[in-house]
Engineer: 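Quick one: the structure is below, questions incoming.
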Amino acid sequence: MTEAADRNGKVDVSVLTPVLNEEVHVRETVAAMQAQRFDGEVEFLFMDGGSQDATRAILDRLAAQDPRIRVIDNPAQGIPQGLNVGLRNARGTYVARMDAHTHYPPEYLARGVERLQPGDVAWVAGAPIPAGGGKWSRRVSIALRSPLGVGGSPKWVAGVERELDTGVFGGVWRRATLERLGGWDEAWAVNEDSELAARFRAANMRIVGLPDLAARYIPRDSIPGLARQYARYGLYRAKTARRHPQSMRRSLWLPPALVATAVAALAGPAPLRRAARAGLLIYAATLAAASARADEGEVSDRAALPVIFLTMHASWGTGFLAGAVRFGPPVAALRQLFRK
């Protein structure tokens, strides 16, 4: 990786953006990147996974107008594969990940690089700020501003600098650090940043979230889309937990416990059924109370929040249990839970 970078010359920051069929958003994405206020040399690497729409043609035209833009093939199509293609071609001292459906603040690169320079942290990230436009996307955004929607992860807190665990959202790194750790693990179709963060933490490297790096992103705009997204999150979180037991905070066990409780309420022995049904009633009351406390949106938005919370929790939990079957149970993580 380093030899290729040295052969091609140096820049300060390489921005990595995997893309696939993004013709609707790609012009806006590029314009936002070009608006970054950074006192240094930047390159924008777009790793195209074989787009079937006009994404590649649009990017090629933009690259002809701006020499900082480079378009690279990502034959494997996946996000971690694309990020690694970008990393191998990056010429920057620093690397930043900027996704196509996220709106980053204009100081994202500048503040990220500035925070890395003292050398006391290895990964600088920002909080995701949900900003839905459609009916369901707006409601999901409201849910994600509730403790029930974020699962106890500190990454969602945008007001102050915070130490982060493996719940991360993009980030800025020194290229040498990513290369030393081998980049993103391509066996992770989802949750690739959490798996990478677990390796950072295992190497005793700090990850921090900065309020200045908080970025707006657009959540899914349908219940089926949200369910598929969270099921995949849970599936690969189980795989991450198996490889990195220390990555499982207590709150992450609640969704699979909810699914197990629902199964017990339907099919368990009579005493267990009664206890499980009582637990589900408590859960339903908790959803209702959290929805009633929401202080934004229309009445219809708040009324829909229990459906959104349930979709998130049940889909994530089902995905996690499926992942435990597919990848093997995260036994060490479970033992760690009971040792705490």
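The structure displayed is predicted, hence computed values, not measured ones.
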Engineer: To check you understand the geometry: which heavy-atom pair defines the closest contact between Val121 and Leu116, and what is its length?
Structural biologist: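 Minimum heavy-atom separation between Val121 and Leu116: O-CD2, 3.7 Å.
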
Engineer: Is a donor on one side and an acceptor on the other found under 3.5 Å between the side chain of His244 and the backbone of Thr240?
Structural biologist: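 Absent.
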
Engineer: Nearest heavy-atom pair of Ala35 and Pro106: which atoms, and what distance?
Structural biologist: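 Ala35 and Pro106 have their closest heavy atoms at O-CB, 4.0 Å.
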
Engineer: Is there a side-chain contact between Tyr94 and Val124, using heavy atoms and a 4.5 Å cut-off?
Structural biologist: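 In short, these two side chains do not touch, never coming nearer than 4.5 Å.
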
Engineer: Can you measure from CG (Asp73) to CZ (Phe46) and round to the nearest 0.5 angstrom?
Structural biologist: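 These two atoms lie 14.5 Å from each other.
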
Engineer: So, for Leu20 and Asp48, which heavy atoms are closest and what is the spacing to 0.1 Å?
Structural biologist: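 In this case the closest contact between Leu20 and Asp48 is CA-OD1, 4.4 Å.
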
Engineer: Looking at every heavy atom in both Gln229 and Arg220, which two are closest together, and how far apart are they?
Structural biologist: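 It is OE1-CG, 3.2 Å.
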
Engineer: Given 3.5 Å as the limit, does a donor-acceptor pair link the side chain of Asn191 with the main chain of Tyr233, or not?
Structural biologist: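 No; zero donor-acceptor contacts below 3.5 Å.
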
Engineer: Quick one: do Leu337 and Leu254 end up in the same hydrophobic cluster if we chain Ile, Leu, Val, Met, Phe, Trp and Tyr together by side-chain heavy atoms under 4.5 Å apart?
Structural biologist: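 Looking at the clustering, Leu254 is in a separate group from Leu337.
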
Engineer: About how many Å separate OH of Tyr108 and CZ of Arg37, when rounded to the nearest 0.5 Å?
Structural biologist: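 Atom-to-atom, Arg37:CZ and Tyr108:OH are 15.5 Å apart.
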
Engineer: Assert yes or no for the condition that the ring centre distance of Tyr236 to Phe327 is strictly below 6.0 Å.
Structural biologist: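 Aromatic pair counts; centres sit under 6.0 Å.
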
Engineer: Under the criterion side chain to side chain contact (heavy atoms under 4.5 Å, CB included), I'd like the reasoning laid out for Trp123 against Leu196: C-alpha separation, chi angles, the key distance, then a yes or no.
Structural biologist: CA-CA 11 Å; Trp123 184 331; Leu196 179 61; 3.8 Å; yes

Engineer: Out of curiosity, Ser222 OG to Arg228 CZ, how far, rounded to the nearest 0.5 Å?
Structural biologist: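 Here the interatomic distance stands at 6.0 Å.
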
Engineer: When you compare the side chain of Thr286 with that of Leu148, does any pair of heavy atoms fall below 4.5 Å?
Structural biologist: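 Yes, close enough: below the 4.5 Å cut-off.
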
Engineer: Decide side chain to side chain contact (heavy atoms under 4.5 Å, CB included) for Thr261 and Leu280; before the verdict, give the C-alpha distance in whole Å, the side-chain angles of both, and the deciding distance to 0.1 Å.
Structural biologist: CA-CA 7 Å; Thr261 301; Leu280 292 179; 4.0 Å; yes

Engineer: Find out whether Leu210 and Arg111 are in side-chain contact, i.e. whether some heavy atom of one side chain is under 4.5 Å from a heavy atom of the other.
Structural biologist: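 Yes; the side chains approach each other to less than 4.5 Å.
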
Engineer: So, are Arg145 and Asp295 salt-bridged, with charged N and O less than 4.0 Å apart?
Structural biologist: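 Salt bridge absent between Arg145 and Asp295.
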
Engineer: Are any of the side-chain heavy atoms of Val30 and Phe44 separated by less than 4.5 Å?
Structural biologist: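 Not in contact.
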
Engineer: With the threshold set at 4.0 Å, does a side-chain nitrogen-carboxylate oxygen contact exist between Arg199 and Asp185?
Structural biologist: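 Looking at Asp185 together with Arg199, the answer is no, because their closest N to O distance does not fall below 4.0 Å.
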
Engineer: Looking at every non-hydrogen atom in both residues, tell me the closest pair between Gly132 and Ser137 and how far apart they are.
Structural biologist: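 Nearest heavy atoms, Gly132 then Ser137: CA-OG, 3.0 Å.
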
Engineer: Backbone N or O of Glu23 within a donor-acceptor pair of the Thr55 side chain at under 3.5 Å?
Structural biologist: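 Present.
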
Engineer: Please find the pair of heavy atoms, one from Pro245 and one from Ala332, that lie closest to each other, and give the distance.
Structural biologist: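 Smallest interatomic distance, heavy atoms only, reads CG-CB, 3.6 Å.
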
Engineer: Between Asp193 and Arg97 (salt bridge meaning N to carboxylate O under 4.0 Å), is one present in this structure?
Structural biologist: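 Counted as a salt bridge, because a side-chain N and a carboxylate O are separated by less than 4.0 Å.
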
Engineer: Nearest 0.5 Å, what's the CG-CZ distance between Leu258 and Phe320?
Structural biologist: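 The CZ atom of Phe320 is 13.5 Å from CG of Leu258, to the nearest 0.5 Å.
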
Engineer: Taking Asn74 for its side chain and Gly78 for its backbone only, find out whether a donor-acceptor pair lies under 3.5 Å.
Structural biologist: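 At least one qualifying donor-acceptor pair exists.
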
Engineer: Could you tell me whether a side-chain N or O of Glu296 sits under 3.5 Å from a main-chain N or O of Ala294, the two making a donor and an acceptor?
Structural biologist: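 No, Glu296 side chain to Ala294 backbone: no donor-acceptor pair under 3.5 Å.
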
Engineer: Can you confirm whether Arg237 sits close enough to Leu252 that some side-chain heavy atom of one is under 4.5 Å from a side-chain heavy atom of the other?
Structural biologist: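 Side-chain contact under 4.5 Å: yes.
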
Engineer: Does Val113 form a side chain to side chain contact (heavy atoms under 4.5 Å, CB included) with Asp12? I'd like the steps, not just the answer.
Structural biologist: CA-CA 9 Å; Val113 168; Asp12 294 293; over 6 Å; no

Engineer: When you measure from the side chain of Thr166 to the backbone N and O of Ala197, does any donor-acceptor pair fall under 3.5 Å?
Structural biologist: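 No; zero donor-acceptor contacts below 3.5 Å.
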
Engineer: Test of understanding: clusters of I, L, V, M, F, W, Y form through side-chain heavy atoms closer than 4.5 Å, transitively. Do Trp253 and Phe338 belong to the same one?
Structural biologist: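 Result: yes, single cluster for both.
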
Engineer: Using the rule that two of Ile, Leu, Val, Met, Phe, Trp, Tyr join whenever any of their side-chain heavy atoms come within less than 4.5 Å, decide whether Val168 and Ile79 are in one cluster.
Structural biologist: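 They do share one cluster, since a chain of ILVMFWY contacts under 4.5 Å joins Val168 to Ile79.
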
Engineer: For the pair Asn89 (side chain) and Val85 (backbone), establish whether a donor and an acceptor sit closer than 3.5 Å, ignoring hydrogens and angles.
Structural biologist: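 Side chain of Asn89 to backbone of Val85, a donor-acceptor pair under 3.5 Å: yes, one is there.
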
Engineer: Linking I/L/V/M/F/W/Y whenever any side-chain heavy atoms sit under 4.5 Å apart, do Leu226 and Ile218 land together?
Structural biologist: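 Looking at the clustering, Ile218 is in a separate group from Leu226.
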
Engineer: Any side-chain heavy-atom pair from Trp173 and Met205 closer than 4.5 angstrom?
Structural biologist: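 The answer is no, as the side chains (C-beta and beyond) never meet within the 4.5 Å cut-off.
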
Engineer: Just by modelled atom types, is the Leu109 backbone N or O under 3.5 Å from a matching donor or acceptor in the Gln36 side chain?
Structural biologist: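 Such a contact is found between Gln36 side chain and Leu109 backbone.
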
Engineer: Keeping Arg242 on the side-chain end and Pro329 on the backbone end, is there a donor-acceptor pair under 3.5 Å?
Structural biologist: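 Looks like yes, one N/O pair under 3.5 Å.
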
Engineer: Can you name the one residue among Arg175, Arg68, Arg70 that meets salt bridge (Lys or Arg N to Asp or Glu O under 4.0 Å) with Glu43?
Structural biologist: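 For Glu43, the salt bridge (Lys or Arg N to Asp or Glu O under 4.0 Å) check succeeds only for Arg70.
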
Engineer: To the nearest 0.5 Å, what is the distance between CD1 (Ile308) and CH2 (Trp136)?
Structural biologist: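 Rounded to the nearest 0.5 Å, the CD1-CH2 separation comes to 5.5 Å.
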
Engineer: Are the side chains of Leu144 and Met312 in touch, meaning some heavy atoms are under 4.5 Å apart?
Structural biologist: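 Leu144 reaches Met312 side chain to side chain.
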
Engineer: Please round to the nearest 0.5 Å and tell me the distance separating atom CG of Leu59 and atom CZ of Arg27.
Structural biologist: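 So the gap between those two atoms works out to 9.5 Å.
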
Engineer: So do Arg115 and Glu161 actually touch side chain to side chain, heavy atoms under 4.5 Å?
Structural biologist: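 Heavy-atom side-chain distance check passes, below 4.5 Å.
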
Engineer: Apply side chain to side chain contact (heavy atoms under 4.5 Å, CB included) to Leu16 and Val95, showing your working.
Structural biologist: CA-CA 7 Å; Leu16 310 185; Val95 168; 3.5 Å; yes

Engineer: Using only atom types and a distance under 3.5 Å, with no angle test, would you say the side chain of Asp60 pairs donor to acceptor with the backbone of Ala57?
Structural biologist: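 It does not hold such a pair.
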
